[in-house]
Amino acid sequence: MRGLTGESRDAAPPTGRVRSDRVCGVLFCAALVLFVAGLTMPAISITKFIWFRETYSVLDGIVAFYAKGRFALFAVVFAFSVVLPSAKLIVGLWAWVYGAHDGATLGRIVRFLAAISKWSMLDVFIVALMVLALEGSLFTSSDVQIGIVLFAASVVLSTLAMLRLV
């Protein structure tokens, strides 16, 4: 059967890259940019005795755990703040670019992303616990910086993008 333009209506969908939702792609790309910025920009500032102020990014904190020999903390924070969110973004972008033409594969990918999404905010939770613990100290105060806000925004955007994949 032919339409007004002469092409067949019964033709198979095009093969190769299928990008069905451009908003989804924009959300994933914005989440990736915010994720990198959230890891590298200052996440927490710690002030001791009013004069001594140290500012850490998430990556600085991870390196500090490793340098001080706190390998368990290093492994947990690295896994939940770098590896899992990176995997979620990479797999989500892959699913958006290549997985849209195969419904079964896309379903498996979305289930995988949903499983790891539950752990994406653990880093923000860890920083919140650190701030609460430090606030109880008599001579120490702490402030959350823009890095945590950007990281949290990345998690929210990537979750919205994942929901649009469905």
Side-chain angles (χ1 to χ4, degrees), residues 19 21 23-48 52-100 102 104-137 139-166:
R19 294 184 183 113
D21 186 358
V23 173
C24 182
V26 169
L27 288 173
F28 271 124
C29 290
L32 182 62
V33 169
L34 290 173
F35 174 69
V36 171
L39 286 178
T40 57
M41 294 186 76
I44 187 169
S45 293
I46 301 170
T47 305
K48 297 176 186 175
F52 304 108
R53 184 178 182 102
E54 296 178 39
T55 302
Y56 296 98
S57 69
V58 174
L59 289 179
D60 291 338
I62 291 169
V63 170
F65 286 144
Y66 185 81
K68 292 181 179 178
R70 297 181 178 161
F71 300 117
L73 283 173
F74 164 77
V76 169
V77 175
F78 182 73
F80 290 112
S81 61
V82 177
V83 175
L84 286 178
S86 297
K88 178 180 157 183
L89 288 169
I90 290 167
V91 171
L93 278 168
W94 178 86
W96 174 69
V97 172
Y98 295 107
D102 183 3
T105 302
L106 186 60
R108 286 191 301 271
I109 291 168
V110 169
R111 283 192 298 278
F112 171 73
L113 290 175
I116 65 174
S117 289
K118 296 173 185 174
W119 299 99
S120 295
M121 291 296 282
L122 184 64
D123 188 56
V124 176
F125 178 69
I126 288 171
V127 171
L129 286 177
M130 286 177 20
V131 168
L132 284 174
L134 291 172
E135 286 296 322
S137 177
F139 298 108
T140 304
S141 67
S142 57
D143 297 310
V144 174
Q145 299 294 316
I146 190 70
I148 286 298
V149 175
L150 296 176
F151 186 87
S154 168
V155 170
V156 170
L157 289 181
S158 65
T159 301
L160 290 174
M162 187 186 71
L163 290 174
R164 289 189 68 97
L165 278 177
V166 176

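For reference, positions follow the sequence shown, starting with 1.
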Spacing of [atom1] belonging to [X] relative to [atom2] belonging to [Y], to within rounding of 0.5 Å:
| X | Y | atom1 | atom2 | result |
| --- | --- | --- | --- | --- |
| L157 | C24 | CG | SG | 11.0 Å |
| L39 | I62 | CG | CD1 | 6.5 Å |
| L89 | L27 | CG | CG | 11.0 Å |

Got more than 12 heavy atoms from elsewhere within 6.0 Å of CZ, F71?
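Atom CZ in F71 is crowded, with more than 12 foreign heavy atoms closer than 6.0 Å.
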When the ring planes of F151 and F35 are compared, do they come out parallel, tilted or perpendicular, using 30° and 60° as the limits?
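The rings of F151 and F35 sit tilted, inter-plane angle from 30° to 60°.
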Return the minimal non-hydrogen interatomic distance between A153 and L34, and the atom names on each side.
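Closest approach of A153 to L34: CB-CD1, 3.8 Å.
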Exercise: identify the closest heavy-atom pair between M41 and S57
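So the minimum-distance heavy-atom pair works out to O-CB, 3.2 Å.
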Partners of R53 by side-chain hydrogen bond (donor to acceptor under 3.5 Å, both in side chains), sequence neighbours excluded?
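S45, T47.
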Residues that F78 engages under ring pair (Phe, Tyr, Trp, His ring centres under 6.0 Å), provided they are two or more places apart:
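In terms of ring pair (Phe, Tyr, Trp, His ring centres under 6.0 Å), with neighbours along the sequence ignored, F78 is linked to F74.
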Side-chain contact, heavy-atom cut-off 4.5 Å: C29 with L93?
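Touching, per the 4.5 Å side-chain cut-off.
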Within the 4.5 Å heavy-atom criterion, are L59 and V82 side-chain neighbours or not?
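L59 reaches V82 side chain to side chain.
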Quick one: side-chain hydrogen bond (donor to acceptor under 3.5 Å, both in side chains) pairs with a partner in residues 31-42, sequence neighbours left out?
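Those involving residues 31-42 do not exist here.
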Between T159 and V155 (side chain of the first, backbone of the second, donor and acceptor by atom type, cut-off under 3.5 Å), is there such a pair?
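Indeed, once roles are kept as given, a pair shorter than 3.5 Å links the two residues.
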Examine distances only and state if a side-chain atom of S154 and a backbone atom of A31 form a donor-acceptor pair shorter than 3.5 Å.
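Here the side-chain-to-backbone pair exists.
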